[in-house]
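Report on the following structure.
Chain identifiers are assigned alphabetically (A, B, ...) following the order of the sequence lines, protein sequences preceding nucleic acid strands; residue numbering begins at 1 within each chain. Computed from heavy atoms alone, side chains included, the values below leave out hydrogens, waters and symmetry copies.
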Amino acid sequence: MSATAIKTDEPVVFHLPEEPHHPEGSSTGLGFWMYLMSDCLIFAMLFATFGVLGGNYAAGPGPKELFDLDLVAVNTAMLLFSSITYGFAMLAMGKNRINQTLVWLAVTGLFGLAFLGIELYEFAHLIHEGATPQRSAFLSSFFVLVGTHGLHVTFGIIWLVTLMVQVKFKGLIPANKRRLMCLSMFWHFLDVIWIGVFTFVYLLGMLR
Amino acid sequence: MSADNHAAEAHHDDHHGHDAHDDHDHGSFKSYMIGFVLSVILTAIPFALVMTGALPAQATALIVMAFAVVQIVVHMIYFLHMNTKSEGGWNMLALIFTIVIVFICLAGSLWVMHHLNTNMMPTHDMTQMVG
């Protein structure tokens, strides 16, 4: 390699002949953060859409007739509880307690399922009342925004169950710890998005 | 791979893992509880204000939005363990970049579309012109 400068007929390489050695997974945290930031942009677009179209009811029902704030409050509590229980799972992971980690992950998953169940109940209720996504621009943007968040939670739960199986069979090996850390970021990130949803969609919707 | 080899490798990884842990710590029971209690307060107050309608709508809207911003910051610090040092500051830089883009997108969309709506010719004027 050092002779490339003299021999002109050899192709010139513009990269390091040898990659600097990084320990496996040392950049996963930053990479996953980048993914979350790009996901954040998806949600920003959906929020912008809702912000623009949220007042176009097309003579259909508006937030005041449709939303049940008690239900939203319960839903918010479910997600908040799941956030703190995931935190406890991470603390247990830090102490290398496999069973404790698994129990807290299971509790987190149950709270997540409760959240999804309530959300699906709400959606079913809305559709039953005729407030389908096709009814008005407000409802289209509502279903897309809240539905995308719900879809994220669904995949978060699938990921959570997968990791529980991984931890069960392989223990808290470094790779599993890294995966749990990524899911931790994902899960807390979804809670951050939900703050935006309950504030801009539900609470401010009731004030319109 | 022999068990010994595997153990040595695990230890090797552990060592680096530990280095990484210094970058993004997993927080403590105390920090999680502080975050949780703050979140509960910051969620309960906006819900209570909207449900009871104790304040005028305009004031309620402003308070609710302010609480949301504060709660997002609380989540970032206590649950996502954001600080200026994690990953050599690249986490924070990516976050700031994202916030700028999100702000441009949101503010730009709302601003443009608001003006589009207000400057649009009302329907009854249009029918008059046609007629």
Distance (rounded to the nearest 0.5 Å) between [X] [atom1] and [Y] [atom2]:
{"X": "B:Tyr32", "Y": "A:Thr85", "atom1": "OH", "atom2": "OG1", "answer": "10.5 Å"}
{"X": "B:Ser31", "Y": "A:Leu91", "atom1": "OG", "atom2": "CG", "answer": "7.0 Å"}
{"X": "B:Asn117", "Y": "A:Asn56", "atom1": "CG", "atom2": "CG", "answer": "6.5 Å"}
{"X": "B:Met92", "Y": "A:Trp33", "atom1": "CE", "atom2": "CH2", "answer": "8.5 Å"}
{"X": "A:Leu207", "Y": "B:Gln58", "atom1": "CG", "atom2": "CD", "answer": "10.0 Å"}

For residues [X] and [Y], report the shortest heavy-atom separation together with the two atoms involved.
{"X": "A:Met185", "Y": "B:Leu80", "value": "O-CD2, 3.5 Å"}
{"X": "A:Leu203", "Y": "B:Pro46", "value": "CD1-CB, 3.7 Å"}
{"X": "B:Val102", "Y": "A:Ala44", "value": "CG2-CB, 3.7 Å"}
{"X": "A:Ala48", "Y": "B:Leu110", "value": "O-CD2, 4.4 Å"}

Atom NE2 of A:His128: over 12 foreign heavy atoms under 6.0 Å: no

Among [options], single out the residue with the greatest number of heavy-atom pairs under 4.5 Å to chain A.
{"options": "B:Val69, B:Ile101, B:Thr98", "result": "B:Thr98"}
{"options": "B:Met76, B:His114, B:Met65", "result": "B:Met65"}
{"options": "B:Ala94, B:Ala44, B:Ala57", "result": "B:Ala94"}
{"options": "B:Val112, B:Val40, B:Leu42, B:Val50", "result": "B:Val50"}

Segment of B:Val74 engaging chain A (4.5 angstrom heavy-atom cut-off): neither

Structural part of B:Leu95 lying under 4.5 Å from a heavy atom of chain A: both

Chain B contact via A:Phe200 - side chain, backbone, both or neither, heavy atoms under 4.5 Å: side chain

When [options] are compared by non-hydrogen pairs under 4.5 Å with chain B, the top option:
{"options": "A:Ser184, A:Ala73, A:Ala175, A:Gly196", "answer": "A:Ala73"}
{"options": "A:Tyr86, A:Phe189, A:Phe47, A:Phe88", "answer": "A:Phe88"}
{"options": "A:Ile195, A:Thr199, A:Leu204, A:Asp191", "answer": "A:Ile195"}

Geometric class of the A:His188/B:Phe79 ring pair [parallel <30°, tilted 30-60°, perpendicular >60°]: parallel

Mind checking whether [X] and [Y] have side chains closer than 4.5 Å, heavy atoms only?
{"X": "B:Gln71", "Y": "A:Val192", "result": "no"}
{"X": "A:Met37", "Y": "B:Phe97", "result": "no"}
{"X": "A:Leu53", "Y": "B:Met113", "result": "no"}

A:Phe198 vs B:Phe47, side chain to side chain contact (heavy atoms under 4.5 Å, CB included): CA-CA, chis, key distance, verdict: CA-CA 9 Å; A:Phe198 80 69; B:Phe47 267 95; 3.6 Å; yes

